[in-house]
2 protein chains.
Amino acid sequence: MTGTRWLDDDQQRAWRAYLRMQAEVAARLGRQLQADSGLSFADYGVLVQLAEAPDGRLRPFALQRDLQWEQSRLSHHLGRMQRRGLVDREECPQDARGAFVVLTAAGRAAIEAAAPAHVDTVRRLVFDQLDPDEVRALERIATRVVDGLNAERRPA
Amino acid sequence: MTGTRWLDDDQQRAWRAYLRMQAEVAARLGRQLQADSGLSFADYGVLVQLAEAPDGRLRPFALQRDLQWEQSRLSHHLGRMQRRGLVDREECPQDARGAFVVLTAAGRAAIEAAAPAHVDTVRRLVFDQLDPDEVRALERIATRVVDGLNAERRPA
DNA sequence: ACGGAATGAATGATGCGTCATGTAGGTTGA
DNA sequence: TCAACCTACATGACGCATCATTCATTCCGT
C-alpha cells in the first residue's frame with residue numbers, strides 16, 4: 001500500500017459535523033434528563049425497555065440484546081438502579097443461573113414523569129430542525145451504517 | 001396543554017436508528033483505537049488539535065473551545081495524558097493564570113501512528129456505506145442540528 | 001452418565017465525565 | 001486605588017463504562 005487513504009473534503013466536513021452533533025445532542029439530552037428527572041440517559045433506556053415489557057419484567061440477557069450493551073455494563077448499571085429503588089431483581093425459576101429485572105413502582109413513576117420533557121427535548125433539538133426529507137434521510141443513513149456493522153460482525 | 005406531543009412514526013424510527021448508529025459507531029471506534037494504539041477517542045481528539053496547532057502548543061481554553069468540552073473534563077483529561085507522557089504543561093508568561101499544553105514527541109508519534117488505522121475504520125464503518133448524496137445529507141442534517149443548538153444557547 | 005464447552009450473570013480495578021468548588025491572577029469602574 | 005467581578009485552570013467526589021476474571025448452571029457429545 002502506497003499510503004493512507006484519507007477522507008475527501010465532503011466526508012471530512014460531514015464527519016466533523018456529525019461528531020459535533022453527536023456530542024452536543026448527547027450532552028444536552030443527558031443534562032436535561034438529569035436536571036428534570038434525576039435520570040441518566042442510560043437509566044432512561046433501561047426503564048423504557050422494562051416499561052414496554054409485559055409485567056415490567058425482563059431477563060437481563062434480553063435487556064442486553066435490546067440495548068446492545070456490554071453484559072458487565074448492564075450488570076453494574078442494574079446494581080446502581082436497584083440501589084436507587086428503580087428496579088428490583090428476582091430469581092428465575094426456569095433457569096437457576098438467570099434472573100429477572102423488574103420495574104418497581106418508583107421506576108415506573110420515574111419513567112412516566114421523565115418521558116414528556118425528554119421527548120420534547122428530542123423534538124426541539126433534532127426534529128424541529130429537520131424537514132421530512134431529512135428525517136427520512138437520517139433514518140436511511142443510520143440504518144445503512146448499522147447494517148454495515150452487523151454485516152462485519154457476522155461475515156456471510 | 002392537552003398532552004404530550006410524541007414523535008410521529010418516521011421520527012420514531014429515525015431516532016431509534018440514530019441512537020443505535022451513534023452508540024455502535026462510537027463503541028467500535030473507541031475499541032479500534034484502544035486496541036491498535038492504546039488511545040481513547042478523547043485522546044485522539046486532543047492530539048489532533050495539538051498536532052494541527054503551531055509548535056504543537058495550545059492554551060487549554062483554546063483547546064476547550066475547539067473540542068467543546070467542559071473545562072473540568074479537559075483539565076482532568078490533560079492530567080491523565082500528561083501522566084502518560086503524551087502532553088506536557090508549561091507556564092504562560094503572558095498570563096500567569098494560564099498555561100500551555102504542548103505535544104510531546106511521544107504524543108506526536110502516537111497520533112501519527114494511530115491516524116491511518118483510525119481513518120480507515122471511519123471510512124469502513126461509515127462512508128463505505130453511504131453514497132455521495134447521503135454524505136452531503138449527513139453533513140446538512142448535522143449542521144442544521146448544531147446550528148439549532150447554538151441558536152438556543154445564545155438567543156437573538 | 002459424565003466431562004467439557006457454552007451460557008447467564010456478578011465483581012474488582014481502573015480510566016472517563018460531571019458537578020461543585022477552590023484559587024490565583026487579571027480587569028474594571030467608582 | 002481598591003473592591004467587585006471575571007477569567008483560566010485545578011481538584012475531590014461520585015456515578016458511569018470497560019476489561020478481565022470468576023462462578024454457577026445448563027447443554028451436549030460420547
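Nothing here was measured: the structure is a model prediction, and the numbers come from that model. Just so it is clear: chains get the letters A, B, ... in the order the sequence lines come, proteins before strands, and each one is counted from 1. When reading the values below, keep in mind they use all heavy atoms of this one structure, side chains included, and skip hydrogens, waters and symmetry mates.
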- Query: Looking at CD1 of Ile111(B) and CG of Leu103(B), how far apart are the two atoms once the value is rounded to the nearest 0.5 Å?
  - Reply: 8.5 Å
- Spacing between Gln71(A) atom CD and dT7(C) atom P, to the nearest angstrom: 13 Å
- Message: If I take atom CG in residue Leu78(B) and atom C1' in nucleotide dG17(C), what distance separates them, rounded to the nearest angstrom?
- Response: 14 Å
- Query: What's the spacing between Gln129(A) CD and Leu149(B) CG if we round to 0.5 Å?
  - Reply: 7.0 Å
- Query: When the ring planes of His77(A) and Trp69(A) are compared, do they come out parallel, tilted or perpendicular, using 30° and 60° as the limits?
  - Reply: perpendicular
- Task: Check every strand shown and say whether Glu70(B) touches a base, only sugar-phosphate, or nothing at a heavy-atom separation below 4.0 Å.
- Result: sugar-phosphate
- Message: Between dC16(C) and His76(B), is there a base-stacking contact, meaning the centre of the base's six-membered ring lies under 5.5 Å from the residue's ring centre while the planes stay under 30° apart?
- Response: no
- Given atom CZ of Arg80(B) and atom P of dG17(C), what is their separation to the nearest angstrom? 6 Å
- Please check if Met81(B) and Phe61(B) belong to a single hydrophobic cluster, counting links between Ile, Leu, Val, Met, Phe, Trp and Tyr side chain heavy atoms closer than 4.5 Å. no
- Message: Please report the interatomic distance CD(Glu139(B)) to CD(Gln12(A)), rounded to the nearest 0.5 Å.
- Response: 11.0 Å
- Return the value, rounded to whole Å, for the distance between atom NE2 of His77(A) and atom P of dG12(C). 19 Å
- Note on the structure: What residues 16-51 of chain A contributes to the DNA chain C interface at heavy-atom separation below 4.0 Å is Arg31(A)
- DNA chain D contacts among residues 85-98 of chain A, heavy-atom distance under 4.0 Å: Asp95(A), Ala96(A), Arg97(A)
- Could you give the distance from CD (Gln22(A)) to CG (Leu19(B)), rounded to the nearest 0.5 Å? 10.0 Å
- Query: Going hydrophobic residue to hydrophobic residue with side-chain gaps under 4.5 angstrom, can you get from Trp15(A) over to Val119(B)?
  - Reply: yes
- the helix from dA1(C)-dT30(D) to dA30(C)-dT1(D): angle between its terminal axes, five pairs each, to 10°? 20°
- Taking atom P of dT11(D) as reference, at what distance in whole Å does atom CD of Gln82(B) sit? 10 Å
- Item | Length of the line joining Arg83(A):CZ and dC14(D):C1', which is rounded to integer Å | 11 Å
- Message: Assigning hydrophobic clusters by single linkage (Ile, Leu, Val, Met, Phe, Trp, Tyr; side-chain heavy-atom cutoff under 4.5 Å), is Val102(A) placed with Leu39(A)?
- Response: no
- At under 4.0 Å between heavy atoms, what does Arg59(A) touch on the DNA or RNA strands: base, sugar-phosphate, or nothing? sugar-phosphate
- Message: I need the CZ-C1' distance between Arg65(A) and dG8(C), as an integer number of Å.
- Response: 14 Å
- Message: Taking Asp147(A) first and then Arg144(A), would you say they form a salt bridge - that is, a charged N and a carboxylate O separated by under 4.0 Å?
- Response: no
- Mind calculating the distance between CZ (Arg73(A)) and C1' (dT14(C)) to the nearest angstrom? 17 Å
- Here the gap from Arg5(A) atom CZ to Phe127(B) atom CZ, rounded to the nearest 0.5 Å, amounts to 12.5 Å
- Check whether Phe100(A) and Leu74(A) end up in the same hydrophobic cluster, where Ile, Leu, Val, Met, Phe, Trp and Tyr are linked by side-chain heavy atoms less than 4.5 Å apart. no
- Note on the structure: Assert: residue with more 5' nearest nucleotide on DNA chain D, out of Ser75(B) and Arg84(A), is Ser75(B)
- Task: Supply the atom-to-atom distance Arg136(B) CZ to Thr143(B) OG1, rounded to the nearest 0.5 angstrom.
- Result: 13.5 Å
